[in-house]
Colleague: 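First the structure, then my questions, so here it is.
Values reported hereafter were calculated over all heavy atoms of this structure, with side chains retained and with hydrogens, waters and symmetry mates removed. Residue numbers count from 1 along this sequence.
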Amino acid sequence: MDKRKLLLLKYLLNHCNDGYKVIEISKVFGTLKKYKGNFEYLEEDILFLKSRKYIDLKYIDSENLCLSILDNTRILQENIIFCVVVF
């Protein structure tokens with residue numbers, strides 16, 4: 001997984017608690033400068049995360065997205081933290 005996807009996943013983890021959450025696309029672009037306001041890149045990365053079962057996506061459009069964080073994401077986060085601490 002590339003750095004842009006990891007940053008997006010970290011952002012989603014910080015902004016989604018239990019259950020589904022609606023997030024404004026403009027806020028994602030405001031925080032994650034790597035997207036440079038390009039909705040197609042963001043949508044592509046969201047669909048990638050969905051295909052890998054890191055998130056459950058209800059919908060995405062040019063203004064909002066609705067998703068839930070799945071357990072795979074939390075496991076990945078724990079493994080990344082473990083790798084950083086060990087190395």
Colleague: Looking at I69 and I55, what are the two nearest heavy atoms and their distance?
Modeller: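 Between these two residues, the closest heavy atoms are CD1-CG2, 4.1 Å.
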Colleague: Quick one: do N14 and K10 satisfy side chain to side chain contact (heavy atoms under 4.5 Å, CB included)? Show the steps, please.
Modeller: CA-CA 6 Å; N14 290 333; K10 181 179 177 183; 3.9 Å; yes
Colleague: Within this structure, what is the OH-NZ distance for the pair Y41 and K5, rounded to the nearest 0.5 Å?
Modeller: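 Reported to 0.5 Å precision, the distance equals 11.0 Å.
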Colleague: Between R4 and D45, is there a side-chain N and carboxylate O pair less than 4.0 Å apart?
Modeller: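 Judged by the 4.0 Å cut-off on N to carboxylate O distance, R4 and D45 do form a salt bridge.
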Colleague: So which atom in H15 and which in K21 form the shortest heavy-atom distance, rounded to 0.1 Å?
Modeller: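 Where H15 meets K21 most closely, the heavy atoms are O-CE, 3.4 Å.
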Colleague: Could you tell me which non-hydrogen atom of S68 sits nearest to which non-hydrogen atom of G19, and how far apart they are?
Modeller: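 The pair with the smallest heavy-atom distance is OG-O, 3.4 Å.
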Colleague: Could you walk me through whether Y54 and L12 pass the side chain to side chain contact (heavy atoms under 4.5 Å, CB included) check?
Modeller: CA-CA 10 Å; Y54 292 120; L12 296 175; over 6 Å; no
Colleague: In Å and rounded to the nearest 0.5 Å, what is the NZ to CD1 distance from K50 to I60?
Modeller: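 Result: 10.5 Å between the selected atoms.
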Colleague: Enter the distance from L42:CG to S62:OG here, rounded to the nearest 0.5 Å.
Modeller: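 That separation rounds to 11.0 Å.
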Colleague: Any chance you could lay out the side chain to side chain contact (heavy atoms under 4.5 Å, CB included) test for L65 and V22, step after step, and finish with the verdict?
Modeller: CA-CA 6 Å; L65 65 110; V22 175; over 6 Å; no
Colleague: Less than 4.5 Å apart, any side-chain heavy atom of I23 and any of Y11?
Modeller: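 SC-SC contact between I23 and Y11 confirmed.
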Colleague: With the side chain counted from C-beta on, respond yes when L32 and L8 share a heavy-atom pair under 4.5 Å apart, and no when they do not.
Modeller: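 In contact.
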Colleague: Taking the six-membered ring of Y20 as reference, does the NZ or CZ atom of K58 fall below 6.0 Å from its centre and within a 45° cone about the axis?
Modeller: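 Cation-pi check for K58 and Y20: passes.
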Colleague: Looking at residues at least two apart in the chain, or sitting in another chain, which of them share a salt bridge (Lys or Arg N to Asp or Glu O under 4.0 Å) with R52?
Modeller: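 So R52 forms no salt bridge (Lys or Arg N to Asp or Glu O under 4.0 Å) with any residue.
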Colleague: Identify, with sequence neighbours excluded, every residue that meets side-chain hydrogen bond (donor to acceptor under 3.5 Å, both in side chains) alongside N38.
Modeller: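 N38 satisfies side-chain hydrogen bond (donor to acceptor under 3.5 Å, both in side chains) with no residue once adjacent residues are dropped.
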Colleague: Rounded to the nearest 0.5 Å, how far does OH of Y35 lie from CZ of F29?
Modeller: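 One gets 8.5 Å once the value is rounded to the nearest 0.5 Å.
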Colleague: Any sub-3.5 Å donor-acceptor pair from K33's side-chain atoms to G30's backbone N or O?
Modeller: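 A pair under 3.5 Å: yes.
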Colleague: How long is the gap from CG on L57 to OG on S51, to the nearest 0.5 Å?
Modeller: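 Rounded to the nearest 0.5 Å, the CG-OG separation comes to 11.0 Å.
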Colleague: Would you compute the distance between atom CG of D71 and atom NZ of K53 and round it to the nearest 0.5 angstrom?
Modeller: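 Result: 13.0 Å between the selected atoms.
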